[in-house]
Amino acid sequence: MTTTVSHRIGALVLAGLSMAAASPPASASPEEDHRIRGWTVAVQLCSRCHVIGKEPQDGGRVGPAFTTIAAMPSTTGLALNVFLQSHHQWMPSVRLDRDEMDAVIDYILSLKPPEPAKP
Ligand code: HEC
């Protein structure tokens, strides 16, 4: 179930915070591993300007929250690929290797709401 997964990711995220750059727990599945890697990249390179997790954080960030980005119908893997490889007016270009980029894209897409929000 999605909620279980996000709770697990939440727990791992907390673990990751305290372990800083340590490698992710060995028990994670390859998919989860990849997302955790993406999250790690996001913490290091994107969290300065974006709220990268599901929890609201203090304001003052210049970029839209990753959950907001993920919820936009226009956000697809392809769109993110293009965005991250192009130059933007407000967001500085980020230099990621192929794998980091895939991981961070995977992470952002994992924040997509499972289905359209119910009223
Ligand atoms: C120095 C601040 C800064 C950093 C660092 C930064 N961003 Fe951004 N980002 C912005 C701003 C500001 C915007 C909104 C304006 C724009 O689209 O250029 C934005 C927009 C975006 C969007 C597009 C949302 C849309 O409207 O389509 C994505 C995706 C994104 N950022 C991903 C990332 C990722 C992934 C990283 C880390 C690898 C990152 N950003 C790092 C400031 C930043």
Side-chain angles (χ1 to χ4, degrees):
M1 240 183 98
T2 348
T3 44
T4 323
V5 171
S6 51
H7 277 125
R8 279 186 68 195
I9 293 177
L12 290 165
V13 159
L14 284 180
L17 267 179
S18 46
M19 292 191 306
S23 41
S27 58
S29 72
E31 274 172 23
E32 220 165 287
D33 234 53
H34 195 60
R35 252 175 267 140
I36 291 166
R37 184 167 152 74
W39 175 83
T40 311
V41 171
V43 170
Q44 289 167 352
L45 299 171
C46 324
S47 61
R48 191 154 51 92
C49 305
H50 295 274
V51 172
I52 62 156
K54 292 194 172 171
E55 301 300 321
Q57 284 166 40
D58 53 316
R61 294 203 173 47
V62 292
F66 277 10
T67 47
T68 309
I69 295 171
M72 299 188 304
S74 59
T75 299
T76 60
L78 182 65
L80 291 174
N81 255 288
V82 171
F83 179 85
L84 292 177
Q85 290 179 80
S86 50
H87 292 271
H88 331 283
Q89 191 173 6
W90 300 110
M91 181 176 139
S93 299
V94 280
R95 286 249 204 78
L96 300 170
D97 69 34
R98 194 58 251 172
D99 196 53
E100 288 170 333
M101 188 162 347
D102 279 353
V104 89
I105 288 170
D106 199 25
Y107 171 71
I108 294 175
L109 293 178
S110 79
L111 299 172
K112 261 192 186 296
E115 59 205 64
K118 296 191 185 90

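Counting starts at 1 for both ligands and their atoms, in listed order.
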Colleague: Note the single closest protein heavy atom to atom 34 (C) of ligand 1, along with its residue, its atom name and the distance in Å.
Modeller: Cys46 SG, 3.4 Å
Colleague: So His34 and Asp99, side chain to side chain contact (heavy atoms under 4.5 Å, CB included) or not? Walk me through it.
Modeller: CA-CA 9 Å; His34 195 60; Asp99 196 53; 4.0 Å; yes
Colleague: Quick one: closest heavy-atom pair of Arg98 and Gln85, and the distance?
Modeller: NH1-NE2, 3.9 Å
Colleague: Please say yes or no: joined through hydrophobic side-chain contacts below 4.5 Å, possibly via intermediate residues, are Tyr107 and Val51 part of one cluster?
Modeller: no
Colleague: Please state which option from Met72, Glu100, His50, Arg95 has its nearest heavy atom closest to atom 20 (C) of ligand 1.
Modeller: His50
Colleague: What atoms of ligand 1 come within less than 4.0 Å of a heavy atom belonging to Phe66?
Modeller: 32 (C), 33 (C), 34 (C), 35 (C)
Colleague: In the protein, what heavy atom is nearest to atom 15 (C) of ligand 1, and what distance, to one decimal place, separates them?
Modeller: Trp90 CB, 3.9 Å
Colleague: Any idea which heavy atoms bring Val41 and Leu96 closest together, and the distance?
Modeller: CG1-CD2, 3.7 Å
Colleague: Using 0.5 Å steps for rounding, measure from the CZ atom of Arg35 to the CG atom of Asp106.
Modeller: 5.5 Å
Colleague: With a 4.0 Å cut-off on heavy atoms, is Ala42 in contact with ligand 1?
Modeller: no
Colleague: Find all atoms of ligand 1 within a distance of less than 4.0 Å from any non-hydrogen atom belonging to Leu80, and give their numbers and elements.
Modeller: 29 (C)
Colleague: Starting from atom 12 (C) of ligand 1, locate the nearest protein heavy atom and write down its residue, its atom name and how far away it is, to 0.1 Å.
Modeller: Val62 O, 3.7 Å
Colleague: Report, as yes or no, whether the 6.0 Å neighbourhood of atom CD on Glu31 holds more than 12 heavy atoms from other residues, nucleotides or ligands.
Modeller: no
Colleague: Can you report which non-hydrogen protein atom sits closest to atom 5 (C) of ligand 1, along with the distance?
Modeller: Leu45 O, 3.2 Å
Colleague: Suppose we measure from atom 39 (C) of ligand 1 to each protein heavy atom; which comes out shortest, and what is that distance?
Modeller: Met91 CE, 3.2 Å
Colleague: Starting from atom 28 (C) of ligand 1, which protein heavy atom do you reach first, and at what distance in Å?
Modeller: Phe83 CE2, 3.2 Å
Colleague: Among the heavy atoms of Arg61, does any lie under 4.0 Å from an atom of ligand 1?
Modeller: no
Colleague: For ligand 1, does Val41 get within less than 4.0 Å through its side chain, its backbone, both, or neither, judged by non-hydrogen atoms?
Modeller: neither
Colleague: Quick check for you: to the nearest 0.5 Å, what is the distance between Glu32 atom CD and Ser110 atom OG?
Modeller: 10.0 Å
Colleague: Please report the C-alpha distance between Leu45 and Val104 in whole Å, then the side-chain angles of each, then the deciding distance to 0.1 Å, and finally whether the side chain to side chain contact (heavy atoms under 4.5 Å, CB included) criterion is met.
Modeller: CA-CA 10 Å; Leu45 299 171; Val104 89; over 6 Å; no
Colleague: What is the closest protein heavy atom to atom 3 (C) of ligand 1, and at what distance does it sit?
Modeller: Cys49 SG, 2.6 Å
Colleague: Could you tell me which non-hydrogen atom of Pro113 sits nearest to which non-hydrogen atom of Ala71, and how far apart they are?
Modeller: CD-CA, 3.8 Å
Colleague: Ignoring angles and geometry beyond distance, decide whether Arg48 reaches within less than 3.5 Å of ligand 1 through its nitrogen or oxygen atoms.
Modeller: no
Colleague: Show the atoms of ligand 1 that are less than 4.0 angstrom away from any heavy atom in Pro64.
Modeller: 13 (C), 14 (C), 19 (C), 20 (C)
Colleague: Of all the heavy-atom pairs spanning Ile52 and Val43, show the shortest one and how long it is.
Modeller: CD1-CG2, 3.5 Å
